J.: 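Please see the structure below; I have some questions.
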Amino acid sequence: MDKEARMDWLVKRVAQEFKSGDVVNLGIGIPTKVANALPEGIEIILQSENGYMGVGPAPEAGNEDPDTVNAGGQYATILPGGCCFDSATSFAIIRGGHVDATVLGALQVDEEGNLASWMIPGKMVPGMGGAMDLVVGARRVIVAMEHATKNGGLKILKKCDLPLTAAKQVNLIVTEMGVIEVTSKGLVLKEIAPGLTFEEVQACTEPILYLPE
Amino acid sequence: MDKEARMDWLVKRVAQEFKSGDVVNLGIGIPTKVANALPEGIEIILQSENGYMGVGPAPEAGNEDPDTVNAGGQYATILPGGCCFDSATSFAIIRGGHVDATVLGALQVDEEGNLASWMIPGKMVPGMGGAMDLVVGARRVIVAMEHATKNGGLKILKKCDLPLTAAKQVNLIVTEMGVIEVTSKGLVLKEIAPGLTFEEVQACTEPILYLPE
Amino acid sequence: MTKVIGVEDAIRKIENGMTIMVGGFIGCGAPGQLLEEVYGKEVKDLTLIANDTGILGDALSQLIVHRCVSKLIATHIGTNKETGRQMSAGELEVNLVPQGTLVEQIRAAGAGLGGILTPTGIGTIVEEGKQKLVINGTEYLLELPIRANVALLNAYKADKAGNLVYRRAARNFNPVMAMAADLVIAQVDHIVEVGDIDPDEVMTPGIFVDYLVQKQPRGVTNLG
Amino acid sequence: MTKVIGVEDAIRKIENGMTIMVGGFIGCGAPGQLLEEVYGKEVKDLTLIANDTGILGDALSQLIVHRCVSKLIATHIGTNKETGRQMSAGELEVNLVPQGTLVEQIRAAGAGLGGILTPTGIGTIVEEGKQKLVINGTEYLLELPIRANVALLNAYKADKAGNLVYRRAARNFNPVMAMAADLVIAQVDHIVEVGDIDPDEVMTPGIFVDYLVQKQPRGVTNLG
């Protein structure tokens with residue numbers, strides 16, 4: 001598989017993690033693409049933390065509504081059965097455990113499930129936005145990201161060295177190389193992307209990967 | 001004045017404490033009557049802690065709406081410009097200092113402004129309802145009550161001996177005998193009801209009453 | 001997929017010993033028909049969380065009369081004398097809570113907060129046994145979250161996805177309780193199709209609501 | 001009595017050195033016309049509380065560009081590079097706060113709470129300098145109320161008594177901020193007579209709102 005096919009595999013693989021009726025928050029970037037890759041028959045409810053439930057596809061050109069944007073500030077739509085609320089309610093939903101899963105990107109993840117995704121000191125400090133609440137509050141935290149940096153630097157580490165978004169909250173890491181579950185015993189490589197070997201995935205991963213029992 | 005005229009004086013006197021636009025919560029009983037005794041030209045906004053702003057007069061017979069009741073559970077109306085909200089918002093309004101004045105009855109009030117209004121141990125324990133929040137949250141707490149009990153027992157005391165509703169929150173006490181302000185120096189008898197003397201009011205009041213400076 | 005079920009199927013999910021929250025304020029906005037089924041089924045040993053225990057004779061009051069409740073958390077019980085009688089006789093454990101505190105405790109549970117600091121109750125018996133914190137020179141009580149196994153609610157309108165709309169003063173505790181229970185059941189006057197309620201009109205997002213029960217029209221009644 | 005006034009009269013109430021809250025989320029639901037008047041008037045030394053500082057070019061971003069702000073409390077500044085530049089250069093004090101924490105801090109101020117306990121930020125630099133409490137075995141941060149001198153809001157509809165209705169995702173921080181400032185000014189698309197908004201439709205009670213400014217229709221613009 002080429003790079004594009006691998007990224008496509010990643011997105012489809014994340015989309016298999018849901019059952020119908022799940023309330024899901026998708027982060028910006030790779031996670032956003034998951035909405036279009038759901039298996040036949042699976043319907044999930046997407047939350048947008050800026051204030052509504054039932055995120056639909058981007059509007060057609062000419063139908064943009066300036067009051068209906070997603071958490072990335074892009075024009076969006078609200079599906080039938082969706083509803084709007086204020087930020088206090090939105091984060092009550094998030095922090096209160098009413099979101100079944102959040103899918104977000106990461107700068108680093110480590111074998112304890114620690115996540116760094118919001119700043120690189122002295123270089124990039126955009127702020128955490130809603131990420132810290134999402135990662136603490138969602139019942140399941142799925143990191144969807146490229147396995148390594150563009151320069152080949154490791155992102156799945158023994159210990160994150162960037163400032164954390166949250167401690168010990170990540171449940172699953174899905175990359176273009178495979179699917180890794182964070183367990184109390186360490187990282188378990190549940191699934192390897194087509195065409196790759198265990199050794200190839202391990203070579204791009206700092207902590208020891210375990211095979212499922 | 002007979003008893004009825006004195007109670008009428010009490011209600012009218014409380015009604016003089018407001019300016020137009022004030023947000024006021026009126027308790028059950030004597031305080032409720034204040035709404036009908038406002039001076040010409042004064043318009044206040046009444047809050048009902050069960051969930052709306054803009055309490056109007058009781059509905060005419062046949063026009064009762066089971067969804068529109070006041071905090072005493074009686075049929076009520078909502079004036080134009082009124083609005084409904086949930087209990088969390090209602091008590092955010094109350095506790096957050098957005099109510100200019102609350103008028104409520106009392107079992108006992110003392111010279112420190114302590115208030116007992118919600119229970120007589122072993123005898124009457126209805127619960128505090130919203131009273132504790134109202135008394136703590138309203139900018140001004142006005143007690144409107146008969147000066148003494150039906151048996152002539154004192155209600156304005158040096159120290160309340162019934163369980164408190166709140167400590168040191170009462171600002172003004174209006175009875176059929178007069179108007180008493182709670183100050184850091186003690187109780188100041190600001191006004192005496194028509195036909196009474198200072199000594200007559202003092203005789204029905206345990207702590208020393210001061211005259212305004 | 002619809003969330004509409006029959007009242008018997010809904011109430012069958014309540015087991016003896018559970019903690020239930022009930023919306024309403026002295027009957028207004030209380031889920032009378034759901035409550036009739038609860039005491040009709042003689043569910044026992046419930047912990048009841050509600051603003052009050054109704055007016056003697058109405059549906060909520062009958063939970064007390066039929067001795068379904070062994071523990072009560074409420075703000076006011078003066079409109080149902082039987083509650084006071086059972087409390088005085090030591091038959092019912094009653095915890096009276098200021099109304100603004102109760103609603104914030106329920107909200108805290110629904111919102112994932114570990115607690116809230118309120119000035120209400122300072123200097124009264126409400127503060128007994130509670131942690132006090134001083135913030136900028138003012139004393140506050142730390143009040144902890146309260147949640148339930150089941151919430152029984154009343155709404156005016158719902159779509160089949162569970163989005164709820166309340167009417168007038170019947171809103172009260174209903175929206176907050178919708179967020180703070182494992183299972184949420186609402187009786188509804190008008191159930192409409194998904195898409196028939198404008199997103200801005202919804203007061204309780206459908207994701208909070210598990211089951212809807214169609215409220216049956218009745219003759220004049222005082223049963224909440 | 002109407003609360004409608006002109007934009008200049010409204011913004012004249014903001015003085016140098018004040019703390020202001022601004023509703024909106026990356027421009028959506030932000031009070032663009034009020035903000036234009038703020039930076040047009042060159043108000044200085046403001047403490048700004050907002051979800052973000054807009055997208056470089058929009059009205060909120062210009063408060064930063066025009067150096068009206070000396071201190072910022074926000075959740076995300078990535079969409080306005082000038083904010084990051086001023087922060088790195090030591091020209092702007094920035095306090096970054098998790099979004100769910102910020103909105104609860106503002107709500108706490110409006111609701112008279114002394115603070116709230118949140119699990120968000122535990123184990124991160126957000127916890128630095130804050131009190132931690134353990135409730136039932138879980139660690140929480142004590143987060144304190146945040147209020148402002150002035151709140152600048154955007155609403156879709158209002159009656160002359162100040163009751164506000166928001167539209168779609170433009171609601172966001174606006175209703176919470178309405179409760180937590182000494183002076184509340186809202187720009188509104190449609191101002192109607194008292195009685196023209198149903199009591200159940202109101203999202204922010206009029207008692208919170210001091211002044212309404214009629215939003216002027218414009219050509220296509222990206223200014224919030």
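A, B, ... follow the sequence lines: proteins, then strands. Residue 1 opens every chain. This one's a predicted model, so the numbers in the text were calculated from it and none came from an experiment.
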J.: Just give me the residue among Gly84(C), Ala169(C), Pro98(C) that pairs up with chain B most often, heavy atom to heavy atom, under 4.5 Å.
T.: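 Top count of heavy-atom pairs under 4.5 Å with chain B: Pro98(C).
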J.: Between Ala167(B), Gly129(B), Pro66(B), Gly127(B), which has the largest tally of heavy atom pairs under 4.5 Å with chain C?
T.: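 Counting heavy-atom pairs under 4.5 Å, the top option is Gly129(B).
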J.: Heavy-atom pairs under 4.5 Å with chain C: which of Gly72(B), Gly82(B), Ala71(B) has the most?
T.: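 Between Gly72(B), Gly82(B), Ala71(B), the count favours Ala71(B).
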J.: Do the side chains of Leu212(C) and Val188(C) get nearer than 4.5 Å, heavy atoms only?
T.: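 Sidechains of Leu212(C) and Val188(C): in contact.
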J.: Applying side-chain contact (heavy atoms from CB on, under 4.5 Å), name anything that partners Val182(B), two or more places apart in sequence or on another chain.
T.: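 So Val182(B) forms a side-chain contact (heavy atoms from CB on, under 4.5 Å) with Val170(B), Ile173(B), Leu187(B).
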J.: Below 4.5 Å, heavy-atom pairs only: which of Ala88(B), Ala131(B), Ala76(B), Gly73(B) has the largest tally toward chain C?
T.: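 Greatest number of close heavy-atom pairs with chain C: Ala88(B).
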J.: Does any heavy atom of chain C fall under 4.5 Å from the side chain of Ile78(B), the backbone, both, or neither of them?
T.: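 The side chain, not the backbone.
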J.: Can you tell me which portion of Ile77(C) sits under 4.5 Å from chain B's heavy atoms? Options are side chain, backbone, both or neither.
T.: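 When you check distances to chain B, atoms from both the backbone and side chain of Ile77(C) fall under 4.5 Å.
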J.: side-chain contact (heavy atoms from CB on, under 4.5 Å) with Val202(C): which residues, sequence neighbours excluded?
T.: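 Listed in chain order: Cys83(A), Asn163(C), Ile197(C).
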J.: Looking only at heavy atoms, which two atoms of Leu113(C) and Pro145(C) are closest? And how far apart?
T.: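 Scanning both residues, the minimum pair turns out to be O-CG, 3.2 Å.
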J.: Determine, step by step, whether Ile44(B) and Leu38(B) satisfy the side-chain contact (heavy atoms from CB on, under 4.5 Å) criterion, reporting the C-alpha distance in whole Å, the side-chain angles of both residues, the deciding distance to 0.1 Å, and the verdict.
T.: CA-CA 9 Å; Ile44(B) 62 176; Leu38(B) 292 168; 3.7 Å; yes
J.: Suppose the criterion is salt bridge (Lys or Arg N to Asp or Glu O under 4.0 Å): which pairs have a residue in residues 20-34 of chain C, not counting sequence neighbours?
T.: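 Salt bridge (Lys or Arg N to Asp or Glu O under 4.0 Å) check on residues 20-34 of chain C returns no pairs.
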J.: Given a strict heavy-atom distance threshold of 4.5 Å, which part of Leu96(C) is in contact with chain B: side chain, backbone, both, or neither?
T.: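 Its backbone and side chain both get close to chain B.
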J.: Taking all atoms of both residues into account, what is the closest heavy-atom pair of Gly105(B) and Pro31(B), and its distance?
T.: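 Answer, listing the atom of Gly105(B) first, then Pro31(B): N-CG, 3.9 Å.
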J.: Are there any donor-acceptor pairs closer than 3.5 angstrom between chain C and chain B, and if so, which ones?
T.:
residue, atom, partner, partner atom, Å
Thr75(C), O, Met128(B), N, 3.2
Thr75(C), O, Gly129(B), N, 2.7
Ile77(C), N, Pro126(B), O, 2.5
Gly78(C), N, Pro126(B), O, 3.4
Gln99(C), N, Gly129(B), O, 2.9
Gly100(C), N, Asp133(B), OD2, 2.7
Gly100(C), O, Arg95(B), NH2, 2.9
Thr120(C), OG1, Asp133(B), OD1, 2.8
Arg167(C), NH1, Asp65(B), OD1, 3.0
Arg167(C), NH1, Asp65(B), OD2, 3.1
Arg167(C), NH1, Asp67(B), OD2, 2.9
Arg167(C), NH2, Asp65(B), OD2, 2.9
Ala169(C), N, Asp67(B), O, 2.9
Arg171(C), NH2, Cys84(B), O, 3.3
Asn172(C), O, Ser87(B), N, 3.0
Asn172(C), O, Ser87(B), OG, 3.3
Phe173(C), N, Ser87(B), OG, 3.3

J.: With a 4.5 angstrom heavy-atom cut-off, which part of Met87(C) approaches chain B: side chain, backbone, both or neither?
T.: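 Side chain only.
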J.: Given a strict heavy-atom distance threshold of 4.5 Å, which part of Val126(C) is in contact with chain B: side chain, backbone, both, or neither?
T.: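 For Val126(C), the contact with chain B is made by the side chain alone.
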J.: For Pro119(C), is it the side chain, the backbone, both or neither that has a heavy atom under 4.5 Å from a heavy atom of chain B?
T.: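 Interface part for Pro119(C): both.
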J.: Can you tell if the side chain of Val69(B) reaches within under 4.5 Å of the side chain of Ile26(C), non-hydrogen atoms only?
T.: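 No. Closest side-chain heavy atoms not under 4.5 Å.
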J.: For chain B, which candidate among Val97(C), Val176(C), Leu102(C), Ile106(C) shows the most heavy-atom pairs at distances under 4.5 Å?
T.: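 Counting heavy-atom pairs under 4.5 Å, the top option is Val97(C).
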J.: So which heavy atom on Cys160(B) is nearest to which on Ala116(B), and how close?
T.: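 That would be SG-N, 4.2 Å.
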J.: Between Ala37(B) and Ala15(B), which heavy-atom pair has the shortest distance, and what is it?
T.: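 Residues Ala37(B) and Ala15(B), closest heavy atoms: O-CB, 3.2 Å.
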J.: What's the shortest heavy-atom distance between Val188(B) and Leu211(B), and which atoms?
T.: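 Minimum heavy-atom contact is CG1-C, 4.0 Å.
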J.: Need one label for Met124(B): side chain, backbone, both or neither, based on atoms under 4.5 Å from any heavy atom in chain C.
T.: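 Nothing of Met124(B), per the 4.5 Å heavy-atom cut-off to chain C.
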J.: Quick one: closest heavy-atom pair of Leu154(B) and Ala203(B), and the distance?
T.: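 That closest heavy-atom pairing would be CD2-O, 4.4 Å.
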